[in-house]
Structures are given as structure tokens and as C-alpha cells.
**Q** 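A single structure is presented below for examination.
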Amino acid sequence: MRRKRGYYVLIPVVCLAGLAVQWVGLLRLAPVLDLAKSSPVLTVRVEKTVPGYREDAVQADLTVLELDGKALGPGRRFGIRCAAFPPAQPGEILKGTFHLKIPQKGRHRRSLFAHGLYLEADAGPLEKLGRSHVLKSWFWKLNRQMAQSVRRHLPREEGSILAAMTLGDKTGVTPRIQEAYRKAGVSHLLVVSGLHLSLLCAAFLGGGAAGRKRPKLRASLAIGMVLFLVMLTGQSASIRRAGTAAVLSYGGVLLLRAADPFTSLAVAAFLASLAGPYALCDLGLELSFAATLGIILGARWVKPLKDKAKQDESTVRCLLARAAEGAACPFMAALFTLPVQLAYGLGVSGVSVMTNLLVTMLAGPILALGFLVEITGLIPALDFASKTFALAAGMLVRLMNHIVFHCAELPFARLRLPAAFSVSLWVILAGSILLMKKARCRKSWWPCLALAVIPGILLHLILASGTVRLHSAGDSKDPSLVVCQSGRSLVVLRGDEYGQRMLKYHLEQLGIEKPDLLIDLRQKPLPTEIKGKWQMTVADFEPNSTRSWKICDIMTTSCRMKTGQMVLLDIKGYKVAVTEGECRLAQPIQVDLLLAGSQMPKGIKAEITAVAGGDEAEITSGRIYMAQDGFHAVIRPENAALLYGGSYASQ
């Protein structure tokens, strides 16, 4: 009898090691955060730039090299982000006074911290000190040149998609394309990831871990190609994870030993955590880990079918096994990324598996042709070859676009799933399957799963019946409000053009194509793409006039005053107010929830004031609910009301 190995002892050891790394990272981060609200003289190196909000400025990610004239060692350097920075190229070194501040709480801060950017900065006059000749800036310059060679030979749409797939350059990808790929569940194709590395290595070096002939030579070339691609595409968190796992896999071939995929994934996670205490909070990295774990498990569960088909030497069974493997990988990837998507409030596609099966076979040739276009485009003598490769790549990209846009228009492309319930159900299902597999009771899988799932679904339907849900969306200073009950909805519109784009995206996530009632609360309404079945603009009302509308249990009253406008929602006694402008009332009114904006109303006393932006010091009564990323409320008429997405501020 084989003796069991005590690998379970490693679990607490690994957890303690992770906590130690986190603790050390937080200790290193504390002195950096202490610089907030100060204006030191910094010497910085430009790492990355993207187009900014102004034509004469860019958004720049910077690495601090010197602080008030004192050089910082490699272990003490930190990153900052400047939203309005003079046009500069990566690798340039500049010196000047920077006004530092901690990023606003919420997803924005977590995203910056995950990328090693711990402070936001406003730059004063800058002095150029020269250019750093680090390898990273050279690769960035090569990336720009290769992207230009793609766009030179292809139309804008095809060229931008090819540049995104091969180089990670999404500057030319339009919101229309991004939304279509997101709805079809293949937005990962526009971000360089482990799939791209695997397809490129297979295209240029053959299939398998490193090909059948001359495995060591092929593995060495594959490692070189992976490292080159990681540097070329900007070393994002997800590509570093994929690169680490690929190097471990090909390194196993060099050492004539098989690389365990779970070990490679764990080592990649550990190395990623060394980048900073918040490195694992990167959304792309989390999706990459979840998808990889699903693909590994899918391949492992399909392996017995492949082995049995080879033993029986049956052509039909071999074809069925290959089909099962092709369907299992995208299905498991979609299944394992589902909790991450729901936790971050992302949309869930109902056609992702089908779309992945249709376009993945095109992705390999597109990537190979794209790199041939870019490499030959760097050599003037090979311009004819570059045009030829570009023609073939453009035709395949256009075919892929046709498939993606067609799948995105299907009625079940966007699924509306309740986040908390769906994640809980996913955990219950995963736990049940693991327990039954451990107990080896495969024959009773389906009855046990039905007993675990059906009561939960029935309970959710009973509790959700008649529930009113409120969602804030759009601009952080003047967020809009979306209210839903029993399949009907109304929208209170506020904010600028950016806020409207965010609101439109939020409505798509909720599965609302056209709300039943749209109330435009803006004092100076401009044309908007958001349309409702019924619309009213409060600015068109006569001064001191009101209009009412009822949807299900929601009585809506819109009021225009001399100095502002207001919408009051009465949900069987639970009152919600949304205001625009000063809103000075002759007699104070009492509400349960007030969605604050850039200007606090006069004469409204709220039990709870939800703040997404603005100055909370102006709030003098009630409790303050801070929700920088927006909030949602669940209201059961005449029973209870709960707020999610933020936290109560201490007063």
C-alpha cells in the first residue's frame, strides 16, 4: 500500500508565507502613503502614457527615482499616476514639483494599487533630464513601430483589433467593438494573455509542450519567444502570470521532466504577489487565474475519454474525445470566471462558449499572420510581403468580427444574474461536486445536485418577488438612479456625457434595453442616447409644478423649483429623493434615503444620505453612506431596506 504524502501540511505553510509577504508589502507601502497631501520635488521616469482628457496632455504612469534630491534604491521606488501630464515618451526622465494625494476609495484605488501606482499627482513645471536606456523603453518603442506597420496596411477597424491581439495596444479599438466582444464573451481576445502565448508557440514551433522533434531546441526557442512577447506587450499582470507558467512548462521539457500545471499556477501566483501587497487585486490577473484553473480541470476530466479512445483505436471515439476537449475548455473557463465577473459587477454572456468555439480556430492564424505583418513591416525591403500577410490577416479578422457581432446580437447574449445568489449557488455546486467525488458516489450526482440547487432557487424566487432594487450609476459627482421592480424599470438621469455612457453600460449589464420611464433631471438637458418608453424632462415644467407617475409599487413625483429640481420616490412608505441644484424647499420634508449630488439640497432631512462624490462635510443630519463605486439598495416594501456597495461613515 502506497504511503500517503503529507502535502496537506503545506497548506498552512503557504498561507503563513502569503501573510508574511503581505505584511512586509504593507510596511513598505506605509511611508509612501505618508507622502499624500505634500508637494515634494521628484525625479521620475515615464513608464507608460495613454491619451488624456485634454489634447495637450496625456495620462502617465511614472516611477519615482529621487525624492527631494535623495536617490531611491530599486526596492524603495514606487509608482504614481498623473492624469494631466505633458506629452512624453516612455523612458524619459523629468524633474519637478508634484502635488501628491491618495486615490479615491473604491475600485479605482484598488486598480491603481494592483498596478503598483500608490499615489495620484498633479505636476508643476517640469525639467527634462534626459532619457533612460532601460530595456523596457526600447520594447515600448518597438511596440509602437510594429503597431504603426499594422495600421498602415489595414483599415482602422481590422488594424486596431490586430494590434490589440498581438501587441496589447487597444488605443484604436472603438467602444462599439469592445461592447460587441464583451457581449459575445470573447473580450479576452483583445488582451494579450496565456491563450495568445500558447497559440503563437504552437503556430511557430509546433504543437505539444515543445513539439515532438528536437524537444529541447523547441523548448529553448519557446522560452525565448515567451520572454520576448512578455516584454513586448508591456508586462501586464495577466501576461506575467501566463509567461511564468509557460516558462515553467517549457523548462520542464528542457529538464526532461513534466511540469505540473497546478504547481506552475501556484508559482506564478507567488511571483505575482511579490510585485506588491495589492498585486493580486488586478482584475485581469484574477480572470486569468480563474480561466486557467478551469481549463486545467477541464483537460484533466476529458483525459480519461482520450485515453480510452486511444486504447480502443476507434476513430469515432477519438473524434468525440477531441470534440469534448474542445468544448470543455471554453465551458470550464467561462464557469470558473463567472464568480469573478459577478463579484466585479461585469456582464455575463450566454453565448461565450459557442463564440469561443467558433473564433478560437481563427485566433491562431490571425496571431501568426499579425506578427508576420509587424516583423516584415519593420524592414522596407519586405514591404510587399507585409502587405500580403496583412491582406490575409485582414480577411480573417473581418470573418471573426462577423461571427462576434452576429453572436452578440443573439437574444441571450447578455444574461442578467443576481450576483450574490449566483455566487452562493456556484459555491454550493462546486462544494457538492467535490464532496461527491471524494465519496465516489457518482451514480447519485444528479439527485444530490438537484436537492442542493432547487430549494435555493425556489427560495430566491420567493424572496425576490416584489422586491424593489435601486442602482446608482454614472458620474460620481451626480450619479443617476435606476429603479427596477417585477421586470419594469425607471431611470432618473443626471450627470455629464461621461456619466451617460457609464449609465448606458450599466443598463446593458442589468439587461434593460429601454426603461419604462426616463426622467431627465438635468437643469440644462442635452441630447442623450438613452431613451425610455415614456420620457419627461423636468426642466420643461412650469416653476413650482409637479407631475406624478406610478410603476408597480413605486409612486414617482417630479418637481421643478426656482433653484433646482427633485424626484421623490414613494415605495409604500419608504421615500427616496434625488435632487439637482440647490432645491430650496419652503417646508422641510423627511425622506429615508437621499442620493446626494454635487450640491446638497436645502430643506431635505434624510435618515441616510448616499454619497458617491462631493463634499460630505455639507451633510449635517442623518447617517452618511459612502459609495465611491456606486451603491445598490434592496427594498422589500413595508418590510426592510438594505444598502450594498459602500460603508457607513463615522460621524
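Heads up: numbering here begins at 1 and tracks the sequence.
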**Q** Between Gln565 and Arg560, is there a donor-acceptor pair closer than 3.5 Å when you use the side chain of the first and the backbone of the second?
**A**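 Between the backbone of Arg560 and the side chain of Gln565 there is no qualifying donor-acceptor contact (under 3.5 Å).
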
**Q** Check whether any side-chain N or O of Arg501 sits under 3.5 Å from a backbone N or O of Tyr505 as a donor-acceptor pair, and report yes or no.
**A**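 Absent.
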
**Q** With a 6.0 Å cut-off (strictly less than), is the heavy-atom count around NZ of Lys170, excluding the residue itself, greater than 12?
**A**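 Result for NZ/Lys170: enclosed.
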
**Q** One pair to check against salt bridge (Lys or Arg N to Asp or Glu O under 4.0 Å): Glu157 and Arg176. What are the steps and the verdict?
**A** CA-CA 10 Å; Glu157 189 170 279; Arg176 169 178 165 269; 3.0 Å; yes

**Q** Nearest 0.5 Å, what's the CG-OG1 distance between Leu521 and Thr579?
**A**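 One finds 7.5 Å between CG of Leu521 and OG1 of Thr579.
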
**Q** Counting distance only, does the side-chain N/O of Ser472 pair as donor-acceptor with the main-chain N or O of Pro479 below 3.5 Å?
**A**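 Absent.
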
**Q** Quick one: is the NZ or CZ of Arg110 closer than 6.0 Å to the six-membered ring centre of Tyr278, and within 45° of its axis?
**A**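 Cation-pi check for Arg110 and Tyr278: fails.
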
**Q** Heavy-atom count around Lys562 NZ within 6.0 Å, excluding the residue itself: above 12?
**A**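 Counting other residues, nucleotides and ligands, NZ of Lys562 stays at 12 neighbours or fewer.
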
**Q** Please assess Gln485 against Arg469 for the test side chain to side chain contact (heavy atoms under 4.5 Å, CB included), listing each intermediate value before the final yes or no.
**A** CA-CA 7 Å; Gln485 185 187 29; Arg469 297 182 180 273; over 6 Å; no

**Q** Please state whether the rings of Trp534 and Trp549 are parallel, tilted or perpendicular, taking 30° and 60° as the class boundaries.
**A**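 The arrangement is tilted - the two ring planes meet at 30° to 60°.
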
**Q** Is there a donor-acceptor pair closer than 3.5 Å between any side-chain N or O of Thr360 and the backbone N or O of Asn356?
**A**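 Checked: pair present.
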
**Q** Please check: side-chain N/O of Asp516 versus main-chain N/O of Ser489, any donor-acceptor pairing under 3.5 Å?
**A**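 Between the backbone of Ser489 and the side chain of Asp516 there is a qualifying donor-acceptor contact (under 3.5 Å).
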
**Q** With Glu529, which residues qualify under side-chain hydrogen bond (donor to acceptor under 3.5 Å, both in side chains), at least two apart?
**A**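 Scan of Glu529 (side-chain hydrogen bond (donor to acceptor under 3.5 Å, both in side chains), adjacent residues dropped) gives Lys504.
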
**Q** Only one of Arg522, Glu497, Gln500, Gln535 passes side-chain hydrogen bond (donor to acceptor under 3.5 Å, both in side chains) with Thr528; say which it is.
**A**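 The residue from Arg522, Glu497, Gln500, Gln535 that satisfies side-chain hydrogen bond (donor to acceptor under 3.5 Å, both in side chains) with Thr528 turns out to be Gln500.
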
**Q** Taking atom NE2 of His471 and atom CG of Leu507, what is their separation to the nearest 0.5 Å?
**A**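 Going from NE2 on His471 over to CG on Leu507, the span is 10.0 Å.
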
**Q** Quick check for you: to the nearest 0.5 Å, what is the distance between Ile589 atom CD1 and Ile604 atom CD1?
**A**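 CD1 of Ile604 is found 4.5 Å from CD1 of Ile589.
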
**Q** Spell out, as yes or no, whether a donor-acceptor pair under 3.5 Å connects the side chain of Gln523 to the backbone of Ala539.
**A**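 Checking the backbone N and O of Ala539 against the side chain of Gln523, no donor-acceptor pair under 3.5 Å is found.
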
**Q** Could you tell me the separation between the CD1 atom of Ile635 and the NZ atom of Lys572, rounded to the nearest 0.5 Å?
**A**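 It comes to 13.0 Å.
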
**Q** Any sub-3.5 Å donor-acceptor pair from Asp169's side-chain atoms to Ala164's backbone N or O?
**A**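 Not a single qualifying donor-acceptor pair exists.
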
**Q** Hey, does the side chain of Arg109 reach the backbone of Pro103 with a donor-acceptor pair shorter than 3.5 angstrom?
**A**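 Yes: the side chain of Arg109 pairs with the backbone of Pro103.
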
**Q** Rounded to the nearest 0.5 Å, what separates atom CG in Leu595 from atom CG in Leu470?
**A**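 Atom-to-atom, Leu595:CG and Leu470:CG are 9.0 Å apart.
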
**Q** Between Tyr118 and Phe113 (judged by ring centroids, cut-off 6.0 Å), do the two rings come close enough to count as a pair?
**A**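 Yes, close enough.
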
**Q** Do Asn401 and Tyr181 pair up side chain to side chain, a donor and an acceptor below 3.5 Å, judged on atom types alone?
**A**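 A donor-acceptor contact under 3.5 Å links the two side chains.
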
**Q** Tell me whether Thr556 contacts the main-chain N or O of Lys550 through its side chain, where contact means a donor paired with an acceptor under 3.5 Å.
**A**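 Checking the backbone N and O of Lys550 against the side chain of Thr556, no donor-acceptor pair under 3.5 Å is found.
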
**Q** Phe631 vs Tyr625 aromatic rings, parallel, tilted or perpendicular, using cut-offs 30° and 60°?
**A**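 Rings of Phe631 and Tyr625: perpendicular, as their planes differ by over 60°.
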
**Q** Has the side chain of Ser558 got a donor or acceptor atom that lies under 3.5 Å from a matching backbone atom of Thr546?
**A**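 No: the side chain of Ser558 does not pair with the backbone of Thr546.
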
